[in-house]
Amino acid sequence: MDRKTAVVTGASRGIGRACAIKLAQRGMNVVVNYNKSEKKALEVIDIIREFGVEAIAVKADISINKEVVGLFSQAMKHFGRVDILVNNVGIVEDSFIMMLSEDSLNRSMDINIKSYFYCCKQAALKMFKNKKGCIVNISSVSSRKALAGQSVYSATKGAINSMTAVLAKELSQFGICVNSIAPGFINTDMISSLSEDKKKEYLDMIPLGRFGEAEEVAELVSFLCEGRGSYITGQTFVIDGGLSI
Ligand code: NAP
């Protein structure tokens, strides 16, 4: 079978959901990872199957290494290969430094950083024998632009950009490309929880005058994963309506 298999973490909602659907539209089988939103993950599966490709939903808390190992085992069991990883899961818990709690700090480190290492390791182990693969890590424009209250989130996303560059060097010998995408404000549940005042403050900072859509991020992900981005590795691509300029 020539059909590639993509593993998308956090694909029940938001950017991950859009990426899973976009990659399916482009003819890939998809492993839809979720943690709490089973019903939404199953809805994504139904949408994907309409494109004539296969999909499975796999529950795994990707901040736990054992569950990540299980996620990739399920992918191999069903599809026999992993060609693409979209490392997408992330949380944002804004806090000024003097109010920062240790629990929140640990949660962000586990979900926004450690999970990316766990998933990259498993993906690389599945890809290296084929001498081909593509990993896209979802970072954030907050890794480049300082926003008060986001010291932890910015630091975790900065770590993703750095790990991306190093893994690109390590894995290039196996034909595996590793890039990251740093979105600005994108219309997902992450943004809908902001107060109206905060949304207006952020909107005023964006030259294009609007928040982005998850599908716009998914377009860039699919460009990198489909072969059109075959000579690109180790980079971080900002997609933010001009917020960072
Ligand atoms: P979102 O709408 O809040 O969705 C988060 C997704 O992550 C959900 O599918 C959720 O699944 C999953 N998830 C959370 N914790 C998980 C865990 N421990 N294990 C497995 N899945 C887990 O987020 P989003 O806005 O799409 O953001 C996606 C990525 O883009 C994140 O890395 C975020 O930092 C980055 N980003 C977002 C924006 C933005 O403006 N939205 C901007 C820059 C960067 P369940 O519901 O099933 O638990």
Side-chain angles (χ1 to χ4, degrees), residues 1-64 67-90 111 115-116 118-120 122-127 130 132-138 176-177 179 181 183 186-192 212-230 239:
M1 286 289 286
D2 260 1
R3 216 179 269 298
K4 288 183 177 171
T5 301
V7 174
V8 184
T9 68
S12 52
R13 296 184 285 116
I15 293 170
R17 176 186 190 276
C19 291
I21 293 171
K22 182 66 68 186
L23 294 176
Q25 247 171 346
R26 302 282 154 88
M28 294 170 206
N29 291 328
V30 185
V31 178
V32 172
N33 161 247
Y34 69 97
N35 188 28
K36 294 183 180 147
S37 308
E38 182 174 25
K39 195 161 164 258
K40 286 180 190 285
L42 295 176
E43 283 167 17
V44 176
I45 299 291
D46 286 344
I47 295 169
I48 286 178
R49 289 197 174 135
E50 283 174 20
F51 299 116
V53 296
E54 265 311 305
I56 55 166
V58 181
K59 176 175 164 53
D61 178 343
I62 51 96
S63 65
I64 300 169
E67 299 204 13
V68 172
V69 173
L71 167 66
F72 281 84
S73 300
Q74 287 288 318
M76 290 303 284
K77 193 172 144 203
H78 279 82
F79 297 117
R81 58 194 278 181
V82 172
D83 304 275
I84 290 155
L85 164 66
V86 183
N87 229 346
N88 162 76
V89 168
I111 295 178
S115 79
Y116 278 60
Y118 300 150
C119 291
C120 283
Q122 290 308 313
L125 285 169
K126 309 297 180 238
M127 291 171 181
N130 299 333
K132 217 159 45 177
C134 172
I135 297 175
V136 179
N137 295 316
I138 304 297
I176 301 171
C177 292
N179 290 290
I181 291 179
I186 307 295
N187 268 321
T188 67
D189 294 344
M190 202 176 253
I191 293 299
S192 53
E213 299 300 329
E215 291 69 24
E216 293 177 292
V217 180
E219 274 295 345
L220 186 49
V221 169
S222 87
F223 177 87
L224 290 170
C225 295
E226 270 180 76
R228 284 182 289 167
S230 52
I239 172 167

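When reading the values below, keep in mind they use all heavy atoms of this one structure, side chains included, and skip hydrogens, waters and symmetry mates. Residue numbers count from 1 along this sequence.
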Evaluation steps, salt bridge (charged side-chain N to carboxylate O under 4.0 Å, His left out), between Glu215 and Lys22:
CA-CA 8 Å; Glu215 291 69 24; Lys22 182 66 68 186; over 6 Å; no
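- Put simply, the side chain of Asn33 gets close to the backbone of Gly10: a donor and an acceptor are under 3.5 Å apart.
- For the atom pair CD1 of Ile48 and CG of Asn29, the computed distance is 9.5 Å after rounding to the nearest 0.5 Å.
- Under a 3.5 Å cut-off, the side chain of Arg13 and the backbone N or O of Thr188 do not form any donor-acceptor pair.
- The two residues Tyr116 and Val89 make their nearest non-hydrogen contact at OH-O, 3.0 Å.
- Checked by atom type and distance alone, the side chain of Asn187 never pairs as donor or acceptor with a backbone atom of Glu213 at under 3.5 Å.
- Residues Val53 and Met28 have side chains not in contact (no heavy-atom distance under 4.5 Å, counting atoms from C-beta outward).
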Intermediate values then yes/no, side-chain contact (heavy atoms from CB on, under 4.5 Å), Asp83 and Lys132:
CA-CA 7 Å; Asp83 304 275; Lys132 217 159 45 177; 5.8 Å; no
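- Remark: Ile84 CD1 to Ile176 CD1 distance equals 12.0 Å, nearest 0.5 Å.
- Listed for the Asn88 side chain is no donor-acceptor partner under 3.5 Å among the backbone atoms of Ile138.
- The only option from Val31, Val58, Leu125, Leu85 that meets the side chain to side chain contact (heavy atoms under 4.5 Å, CB included) definition with Phe72 turns out to be Leu85.
- Residues Ile135 and Met127 meet the side-chain proximity criterion, which asks for heavy atoms closer than 4.5 Å.
- Residues Arg228 and Ser222 have side chains in contact (heavy-atom distance under 4.5 Å, counting atoms from C-beta outward).
- In terms of modelled atom types and a separation under 3.5 Å, the side chain of Tyr34 and the main chain of Lys40 share no donor-acceptor contact.
- Considering SG of Cys119 and CG of Asn137, their distance stands at 9.0 Å, rounded to 0.5 Å.
- The CD atom of Glu219 sits 10.0 Å away from atom SG of Cys19, with the distance rounded to the nearest 0.5 Å.
- Within a 6.0 Å radius of NZ in Lys59, more than 12 heavy atoms belonging to other residues, nucleotides or ligands are found.
- When side chains are defined from C-beta on, Glu67 does not count as touching Ile62, because their heavy atoms never get closer than 4.5 Å.
- Of all the heavy atoms in Ala41 and Ala57, the pair that sits closest is CB-CB, 4.4 Å.
- From Gln74, atom CD reaches atom CD1 of Ile56 across 6.0 Å, with rounding to the nearest 0.5 Å.
- Rounding to the nearest 0.5 angstrom, the gap separating the CD atom in Glu226 from the SG atom in Cys134 is 10.0 Å.
- Residues Cys225 and Val136 come closest through the heavy atom pair SG-CG2, 3.7 Å.
- For Val8 against Ala20, the heavy-atom pair with the smallest separation is CG2-CA, 4.1 Å.
- Side-chain contact check for Ile15 versus Val221: every heavy-atom pair is 4.5 Å or farther apart.
- Asn35 places none of its side-chain heavy atoms less than 4.5 Å from the side chain of Ser63.
- The closest side-chain heavy-atom distance from Cys177 to Leu224 is not below 4.5 Å.
- Of the possible donor and acceptor atoms, none in the side chain of Tyr118 sits under 3.5 Å from a partner among the backbone N and O of Val69.
- The minimum heavy-atom distance between Asn87 and Ser115, with the atom names listed, is OD1-O, 4.3 Å.
- For Arg17 against Ile47, the heavy-atom pair with the smallest separation is NH2-CD1, 3.3 Å.
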